[in-house]
Amino acid sequence: MQQMLTDSSRLHKVKGINFLVDGGNEKQAVVIDLKKHRDLWEDFYDTLLTKQRAKDPRESLEQVRNRVLGKK
């Protein structure tokens, strides 16, 4: 499956966003100009991290206080 970089201006007219598409012109990946869209990328990445960590074990506020203050 061959991939190529496509000019996003023809797809969605968003400067600084380009897509890698397959032979059937289906979007497979995105290339983001971080000089133009750094804040957008950081928000997107933070959202992914939050979703990834959603099932991580949680500590109660009391447990955190005790750990930080060295109490048992």
Q: Does the Q63 side chain pair with the main chain of S60, one donor and one acceptor, at a distance under 3.5 Å?
A: yes

Q: Could you give the distance from OG1 (T47) to CD (Q52), rounded to the nearest 0.5 Å?
A: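 Reported to 0.5 Å precision, the distance equals 12.5 Å.
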
Q: Distance from T50 atom OG1 to Y45 atom OH, nearest 0.5 Å?
A: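 Result: 11.0 Å between the selected atoms.
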
Q: How about E59: does its CD atom have over 12 heavy atoms from other parts shown lying under 6.0 Å from it?
A: yes

Q: A side-chain contact here means heavy atoms from C-beta on lying under 4.5 Å apart; do F44 and L40 qualify?
A: no

Q: Please name the pair of heavy atoms, one in Q28 and one in D22, separated by the smallest distance, quoted to 0.1 Å.
A: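 Scanning both residues completely, I find the closest heavy atoms to be NE2-OD2, 3.1 Å.
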
Q: Could you give the distance from CD1 (I32) to NE2 (H37), rounded to the nearest 0.5 Å?
A: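 Reported to 0.5 Å precision, the distance equals 8.0 Å.
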
Q: To the nearest 0.5 angstrom, please state how far the CZ atom of R38 sits from the CG atom of D33.
A: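 Reported to 0.5 Å precision, the distance equals 9.5 Å.
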
